[in-house]
There are 2 protein chains.
Amino acid sequence: MNFQQLRYVREAVRRNFNLTDVAAALFTTQPGVSRAIKELEDELGVEVFVRRGKRLLGLTEPGKALIDVIGRVLTDSRNLRQIAQQFSDSEQGRLEIATTHTQARYALQKVIKQFMEAFPRVRLGLHQGTPVQIAEMVSEGRADIGIATESLDKYSQLCTFPCYSWYHGFIVPAGHPLTRLEKLSLDAVVEFPIITYEESFTGRSHIDKAFAALGVVPDVVLTAIDADVIKTYVELGLGIGIIASMAYDADKDHGLRLLDASHLFEANTTRLAIRKGNFLRGYAEQFIRMFAPRISAAELRQALVAANGDA
Amino acid sequence: MNFQQLRYVREAVRRNFNLTDVAAALFTTQPGVSRAIKELEDELGVEVFVRRGKRLLGLTEPGKALIDVIGRVLTDSRNLRQIAQQFSDSEQGRLEIATTHTQARYALQKVIKQFMEAFPRVRLGLHQGTPVQIAEMVSEGRADIGIATESLDKYSQLCTFPCYSWYHGFIVPAGHPLTRLEKLSLDAVVEFPIITYEESFTGRSHIDKAFAALGVVPDVVLTAIDADVIKTYVELGLGIGIIASMAYDADKDHGLRLLDASHLFEANTTRLAIRKGNFLRGYAEQFIRMFAPRISAAELRQALVAANGDA
DNA sequence: TATCCTTACGGAATTCGTAAGCATG
DNA sequence: CATGCTTACGAATTCCGTAAGGATA
């Protein structure tokens, strides 16, 4: 039994049991993967994969029993490397952050600048994706830290922490009739075409919920992943925008006005996710501390020790 | 990084950093061990062991941080084999039980007979030792199950369950003056020389505690590890014995009488220990069920999933 | 001086890539 | 007939044991 064999098995599960893909993903050849897996099965005395003819279709019962432990072994082998690096040069390494456009562009700006100044020898990777992709990246160990407002708490392998709360706001062209209202109401805004985030992005669920609760159907004419796109079309006069209020910059967004909507939509809580059982480099803990000081070191450690359940 | 290297490191810690011993224990040569460890250190970029000149003295700071994770990796690799075997032939394998003489000779008799009939193709290993040795055997994975009355709950890596309670009794030659007493008291027995278990064996602590509470000092003239030895000397008239009452057999021990002492000494609880994070073969669970039906399957599973803390 | 670790060397075993073969949808 | 796994072969690498060397208590 060796780590390579285990790595191939894990990757096969991830790549839908296509060994050609596995080989490509791990920079090796397909026959090598095929053989290594067979050797492991021989040594263990059980078939790990269900085969029909020459294709792999899924995990056998023993395979299902083994796969979680295999995952833990591989996580730990990675942890060993991380721990060692932490001692050999605690200020050098990589930090992979998976997040959404909104967080990357607005919430993380300051922290990332600060972090890069504090740890100039750490290479930062900023990976954008949907909240679901972010959760998967962290689950699979491709990212160390995930940051998003949605979806993260649906993965049992992840440990999530609330970081900060924020509200949506309406964004309208300067001089728009809504700017003359004392206090915004949903009834007033449904008169206008609306431009906002795509589903499952940046608190979109709270927006839908608020309208649904009132029984009104907003006329969402355009959706986008990021506030920049939304602002562009609001500026063109195609509708009024609903965006995270932090995405409005009074200096840069001359032609636009932000209208408070904190009384209309539920607060959104942006969460940070790490994988249970993953060792975090010292600078990764520092990053978390910079971004969300309210997460205590003790909380963090506890989450990391917690094993992923199996068998 | 490979399993062999990790195995050498773990064994080095266990064998007090003597690589010659490590090589002997793992059936290989000392230069091989030396090299493998150095290769691992090279790959990780940190020294795992503190060296003075050419001797290893202990773990470095990084070494201390790594050692628990290394242990978990090795435990899991063993688990993988066990899980696979469980499927390839669920009725064949080995079961190593570490226990004391008393348990092996009296309490386990019936269960072991029953187990061997139920699982004829499982090889049983019965390892005797002191309670401390038993705890260590289970901690190190050399035994699957440990059974003893003392010491087991002092090891954080172990998970222990109460199995059954029992009392000490006095054992005297037939016709001894004490047999004429209605009810035994400690005051009465201190008049006689006493033969009983060695310290830290078979509830000896409770015996000492009872005498100490009364402020009397018993005249312990002989101590032994097992009841058979104690009975032998009681029969020779060298004193009265205190043994676990289950060790008295009215049929075989003709010349001896057992006197109830359940009102004099605290009850003893025999416990069963397994290592946290260790996969148990199906028949091992069955053994536990036979020996201590009151331990629920759920309790057992939960203990096994619980990880050993690190970092 | 005995113990214990390191270095050097060479044979054995393992690993891994290329090329060809064969089953399946 | 394209996709995807297996088998066969050979080169490169890794592994591991023996023998000799050097440091320490």
Side-chain angles (χ1 to χ4, degrees), chain A residues 1-60 62-63 66-67 70 73-74 77 80-81, chain B residues 1-60 62-63 66-67 70 73-74 77 80-81:
Chain A
M1 187 192 309
N2 59 48
F3 287 107
Q4 197 75 317
Q5 294 164 343
L6 302 182
R7 215 167 279 131
Y8 292 162
V9 169
R10 176 178 67 176
E11 201 64 24
V13 173
R14 288 185 182 168
R15 305 265 160 194
N16 210 38
F17 311 101
N18 182 324
L19 299 193
T20 308
D21 282 5
V22 170
L26 299 181
F27 306 103
T28 182
T29 60
Q30 183 273 315
V33 174
S34 197
R35 203 173 351 150
I37 288 179
K38 192 155 299 171
E39 280 167 10
L40 179 65
E41 291 182 320
D42 277 358
E43 184 179 339
L44 293 180
V46 292
E47 303 239 298
V48 174
F49 294 106
V50 176
R51 291 166 169 83
R52 179 154 68 217
K54 293 197 169 183
R55 317 246 156 153
L56 306 202
L57 295 178
L59 288 169
T60 58
L66 291 166
I67 195 66
I70 289 176
V73 169
L74 293 171
S77 85
L80 288 176
R81 280 179 242 277
Chain B
M1 187 192 309
N2 60 47
F3 287 107
Q4 198 75 317
Q5 294 165 343
L6 302 183
R7 216 167 280 129
Y8 292 162
V9 169
R10 177 179 67 178
E11 202 64 24
V13 174
R14 288 185 182 167
R15 306 266 160 194
N16 211 37
F17 311 102
N18 182 324
L19 298 193
T20 308
D21 282 5
V22 169
L26 299 181
F27 307 105
T28 183
T29 59
Q30 183 272 317
V33 173
S34 198
R35 201 172 351 149
I37 288 179
K38 192 154 299 174
E39 279 168 10
L40 179 66
E41 291 181 319
D42 276 358
E43 184 179 340
L44 292 180
V46 292
E47 303 239 299
V48 175
F49 294 106
V50 175
R51 292 167 170 83
R52 178 153 68 218
K54 293 198 168 183
R55 316 241 157 157
L56 306 202
L57 294 178
L59 288 169
T60 58
L66 291 166
I67 195 65
I70 289 177
V73 169
L74 292 171
S77 86
L80 288 176
R81 280 179 244 276

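Each chain gets a letter, A, B and so on, in the order the sequences are listed, and its residues count up from 1.
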Closest non-hydrogen atom pair between A:Ile67 and A:Arg10, with its separation: CD1-CA, 4.4 Å

Under 4.0 angstrom between B:Thr28 side-chain N/O and D:dG17 OP1 or OP2: yes

Along DNA chain D (nearest heavy atom to each residue), the more 5'-positioned of B:Pro31 and B:Glu39: B:Glu39

Residue whose nearest DNA chain C nucleotide is more 5′ - A:Ala36 or B:Arg35: B:Arg35

What pairs of donor and acceptor atoms, side-chain ones from residues 43-53 of chain A against any protein atom, are under 3.5 angstrom apart with sequence neighbours left out?
residue: A:Glu43; atom: OE1; partner: A:Met1; partner atom: N; Å: 2.5
residue: A:Glu43; atom: OE2; partner: A:Met1; partner atom: N; Å: 2.9
residue: A:Glu43; atom: OE2; partner: B:Arg81; partner atom: NH1; Å: 2.9
residue: A:Arg51; atom: NH1; partner: A:Glu41; partner atom: OE1; Å: 3.2
residue: A:Arg51; atom: NH1; partner: A:Glu41; partner atom: OE2; Å: 3.2
residue: A:Arg51; atom: NH1; partner: A:Phe49; partner atom: O; Å: 3.4
residue: A:Arg51; atom: NH2; partner: A:Glu41; partner atom: OE1; Å: 3.0

d(CD1, A:Ile37; P, D:dT7) in whole Å: 13 Å

Heavy-atom pair of closest approach, residues A:Phe3 and A:Ser77: CE2-CB, 3.6 Å

DNA chain C-proximal residues of residues 3-12 of chain B, any heavy atom under 4.0 Å: none

Any residue of residues 14-21 of chain A with a heavy atom less than 4.0 Å from an atom of DNA chain C: none

For B:Ala25, side chain to side chain contact (heavy atoms under 4.5 Å, CB included) partners two or more places apart: B:Glu11, B:Arg15

A:Thr28 vs A:Val33, side-chain contact (heavy atoms from CB on, under 4.5 Å): CA-CA, chis, key distance, verdict: CA-CA 8 Å; A:Thr28 182; A:Val33 174; 3.8 Å; yes

Nearest-0.5 Å distance that lies between atom OG1 in B:Thr29 and atom CZ in B:Arg35: 7.0 Å

Minimum-distance pair of heavy atoms, taken over all atoms of B:Thr20 and B:Asn18: N-OD1, 2.9 Å

Between P of D:dG21 and CD of B:Gln30, the distance in whole Å: 16 Å

Distance, rounded to the nearest Å, where A:Phe27 contributes CZ and C:dG17 contributes C1': 17 Å

Spacing of A:Gln30 atom CD and A:Leu19 atom CG [to the nearest 0.5 Å]: 6.0 Å

Length of the line joining B:Lys38:NZ and D:dT14:C1', which is rounded to integer Å: 18 Å

Sorted by number, the residues of residues 40-56 of chain B with heavy-atom contact under 4.0 Å to DNA chain C: B:Arg51, B:Lys54, B:Arg55

B:Val9 side chain reached by B:Leu66 side chain, heavy atoms, under 4.5 Å: no

Atom pair CD1/CG of B:Ile37 and B:Asp42 - distance to nearest 0.5 Å: 12.0 Å

B:Asn2 vs D:dT14: side-chain N/O to OP1/OP2 distance below 4.0 Å: no

Under the side chain to side chain contact (heavy atoms under 4.5 Å, CB included) test, residues paired with B:Gln4 that sit two or more places apart: B:Asn2, B:Arg7, B:Tyr8

